[in-house]
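Predicted, not measured: the structure shown is a model, and the values here were computed from it.
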Amino acid sequence: RYPYSKYAMLAELKLGDARFYNKEYPEAAIAYEEFARLHPRNEVIPYVLYQIGMCHFLSFSSVDRDQEETQLAMEAFQRLIRAFPDSEYAMRAKKQLYECQKRITAHEFHVGRLYFIMGEYYAARERLDLVSRKYPQAVKDLGYEEEVNRMLAASQNRVNEGGKKPSFWSRWGF
């Protein structure tokens, strides 16, 4: 009955909170996104952006699965840090962003190691090189540094010797 009441806006926010605390993370993320879309200048937007990131962060299943939720969490945290760098939620988001980087690093390391074991040295080199360049601190903190360097060197030697090259389909982008 009173769509312009301050309580209506609060109810929209609390809908997201209720879904979040019931561990209904996809629904909570949608509710928070809707709130942010409808009220972009509200004072609680840093909190809302942080909660969006946490919804995606907590939807994580395991390192060997697709990391789309982790990527979405990283995007939400980066959006918060860019828009509100001085807020208390930006500080929290920086910590969560690093945790996301560690998850991505672990995933890429495991995929790169699998390629290395399978003898797909070109693919292993690409994955391991990417992760060591993009997230060097996470590689170090997770204890993967020595193994990544060892597999990178071995993969590079095998590729130089004429190890398996990318297939026709992967060169054409399929």
Worksheet item: Is the side chain of N22 donor-acceptor paired with the backbone N or O of E24 at a distance under 3.5 Å, no angle test?
Response: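 Checking the backbone N and O of E24 against the side chain of N22, no donor-acceptor pair under 3.5 Å is found.
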Worksheet item: Donor-acceptor pair, Q96 side chain versus M74 backbone, under 3.5 Å?
Response: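 No; zero donor-acceptor contacts below 3.5 Å.
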Practice prompt. Go through the steps to decide whether R82 and Q78 satisfy the test side-chain contact (heavy atoms from CB on, under 4.5 Å), and finish with yes or no.
Written response: CA-CA 6 Å; R82 274 192 312 272; Q78 289 168 343; 3.7 Å; yes
Without hydrogens or angle criteria, can the side chains of [X] and [Y] be said to hold a donor-acceptor pair below 3.5 Å?
X    : Y    : value
E12  : H39  : yes
D17  : Y47  : yes
N160 : Q156 : yes

Could you report the tightest heavy-atom contact between [X] and [Y], atom names first, then the distance?
X    : Y    : result
A90  : L80  : N-CD2, 4.1 Å
E69  : S59  : OE1-CB, 3.7 Å
G53  : A73  : O-CB, 3.5 Å
Y89  : P46  : CB-O, 3.9 Å
V44  : F35  : CG2-CE2, 3.6 Å
V148 : V139 : CG2-CG1, 4.3 Å

Worksheet item: Take atom CD in E68; do more than 12 heavy atoms of anything else shown fall under 6.0 Å from it?
Response: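 Open: at most 12 neighbouring heavy atoms sit under 6.0 Å from CD of E68.
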Discussion item. With a 4.5 Å cut-off on side-chain heavy atoms, are Q71 and I104 touching?
Written reply: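 Heavy-atom side-chain distance check passes, below 4.5 Å.
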Worksheet item: Less than 4.5 Å apart, any side-chain heavy atom of F77 and any of M54?
Response: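 Answer yes - side chains close enough.
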Once rounded to the nearest 0.5 Å, what's the spacing between atom [atom1] of [X] and atom [atom2] of [Y]?
X    : Y    : atom1 : atom2 : value
Q51  : F20  : CD    : CZ    : 4.5 Å
C55  : R19  : SG    : CZ    : 11.0 Å
Y32  : Y25  : OH    : OH    : 10.5 Å
E161 : Y121 : CD    : OH    : 9.5 Å
R79  : I52  : CZ    : CD1   : 5.5 Å
L128 : E147 : CG    : CD    : 9.0 Å

Side-chain donor-acceptor pairs under 3.5 Å in residues 107-117, sequence neighbours left out?
from, atom 1, to, atom 2, distance (Å)
H107, ND1, V63, O, 2.7
H107, ND1, R65, O, 3.4
E108, OE1, R127, NH1, 2.8
E108, OE2, R127, NH1, 3.2
H110, ND1, R113, NH2, 3.1

Discussion item. Does Y122 form a side-chain contact (heavy atoms from CB on, under 4.5 Å) with R158? I'd like the steps, not just the answer.
Written reply: CA-CA 8 Å; Y122 183 82; R158 293 300 268 252; over 6 Å; no
Worksheet item: Does a salt bridge link E33 with R37, judged by any charged N lying under 4.0 Å from a carboxylate O?
Response: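 Salt bridge: no.
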Worksheet item: How would you list, by chain and number, every residue that makes a salt bridge (Lys or Arg N to Asp or Glu O under 4.0 Å) with R103, sequence neighbours excluded?
Response: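 Result, salt bridge (Lys or Arg N to Asp or Glu O under 4.0 Å) vs R103: none returned.
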